[in-house]
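Read through the structure below, which is laid out as structure tokens, and then see the notes.
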Amino acid sequence: QVQLVESGGGSVQAGGSLILSCAASGYIFTNKWMGWFRQAPGKEREGVAAIYTGSGFTIYADSVKGRFTISRDNAKNTLYLQMNGLKPEDTAMYYCAAGGRQLYGAWSQLNQYNYWGQGTQVTVSS
């Protein structure tokens, strides 16, 4: 049974930093697409960043480029999201998502990912 467990969320002031982690179990972590998504109240879930765990190739949403960094540790089956320069508009529930070996559409499409974590809340105050 695949499980994705996020951690590291919390409350920070604008300009602060957080590191999110996503521990995967029951899932072959290598050579797969994995992503971070977020959903703010009243808004649709949106893609934040994705990574191909084989090569380490990364993609980011324009809104987080230069501030967030997605990475992985294949030996630990763990995905990370380093978030710097946080803004109030980054406030959301953040979700880890695990996909397959290929993308059949845009990386930010929810249906590209088969498994989802339960989410971790990030709140940024001004």
Side-chain angles (χ1 to χ4, degrees):
Q1 183 178 356
V2 176
Q3 280 194 319
L4 302 175
V5 180
E6 301 99 332
S7 61
S11 297
V12 297
Q13 290 194 328
S17 298
L18 285 173
I19 301 176
L20 305 184
S21 299
C22 171
S25 60
Y27 173 76
I28 299 175
F29 196 81
T30 53
N31 297 319
K32 296 286 178 65
W33 282 96
M34 295 197 72
W36 285 100
F37 287 74
R38 66 187 182 186
Q39 188 167 18
K43 294 189 176 182
E44 294 187 350
R45 192 171 297 190
E46 63 176 3
V48 174
I51 187 169
Y52 185 67
T53 60
S55 64
F57 177 77
T58 58
I59 310 172
Y60 295 92
D62 288 344
S63 59
V64 306
K65 276 181 185 175
R67 300 188 298 123
F68 291 9
T69 302
I70 188 172
S71 63
R72 88 294 189 208
D73 184 331
N74 289 350
K76 294 183 178 180
N77 280 8
T78 301
L79 182 72
Y80 301 99
L81 185 68
Q82 170 76 52
M83 304 187 293
N84 298 327
L86 283 162
K87 304 175 181 179
E89 52 263 43
D90 294 318
T91 295
M93 186 72 79
Y94 282 71
Y95 298 91
C96 169
R101 291 179 175 270
Q102 287 183 289
L103 292 175
Y104 296 96
W107 68 271
S108 56
Q109 289 180 322
L110 304 186
N111 61 9
Q112 298 298 313
Y113 302 88
N114 303 312
Y115 305 101
W116 294 82
Q118 82 290 348
T120 186
Q121 178 68 38
V122 172
T123 303
V124 185
S125 57
S126 57

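Please read these numbers as outputs of a predicted model, since none were measured by experiment.
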Is it the case that the side chain of [X] and the backbone of [Y] share a donor-acceptor pair, with hydrogens and angles ignored and the cut-off at 3.5 Å?
X      : Y      : value
Thr120 : Gly9   : yes
Arg72  : Thr53  : yes
Asn74  : Phe29  : no
Arg67  : Gly85  : yes
Gln109 : Ala106 : yes
Trp36  : Tyr80  : yes
Glu6   : Cys22  : no
Tyr94  : Val48  : no

* Asked: Is it true that Val122 and Phe37 fall in one hydrophobic cluster, defined by side-chain heavy atoms closer than 4.5 Å?
  -> no

* Any chain of hydrophobic side-chain contacts (each under 4.5 Å) joining Val2 to Leu110? -> no

* Where do Asp73 and Thr78 land on the side chain to side chain donor-acceptor pair (under 3.5 Å) test, with the steps shown first? -> CA-CA 5 Å; Asp73 184 331; Thr78 301; over 6 Å; no

Heavy-atom side-chain contact between [X] and [Y] under 4.5 Å:
X      : Y     : value
Leu79  : Ile51 : yes
Thr69  : Met83 : no
Trp33  : Ile59 : yes
Ile19  : Leu81 : no
Leu20  : Phe68 : no
Tyr115 : Tyr27 : yes
Tyr113 : Lys32 : no
Leu18  : Gln82 : no

* side-chain contact (heavy atoms from CB on, under 4.5 Å) between Trp107 and Gln112, intermediate numbers included -> CA-CA 7 Å; Trp107 68 271; Gln112 298 298 313; over 6 Å; no

* To do: Using a strict cut-off of less than 4.0 Å between a Lys/Arg side-chain nitrogen and an Asp/Glu carboxylate oxygen, indicate whether Lys65 and Asp62 qualify as a salt bridge.
  => yes

* To do: Would you please test Leu4 and Met34 for side-chain contact (heavy atoms from CB on, under 4.5 Å) and show each step?
  => CA-CA 11 Å; Leu4 302 175; Met34 295 197 72; 4.3 Å; yes

[X] versus [Y], closest heavy-atom pair with distance:
X     : Y      : result
Gly47 : Ala61  : O-CB, 3.5 Å
Thr91 : Val124 : OG1-N, 2.9 Å
Tyr60 : Ala49  : CD2-CB, 3.6 Å

* Structure fact -> Taken to the nearest 0.5 Å, the spacing of Arg38 CZ from Gln121 CD works out to 12.0 Å

* Find the distance between OG (Ser126) and NZ (Lys87) and round it off to the nearest 0.5 Å. => 13.5 Å

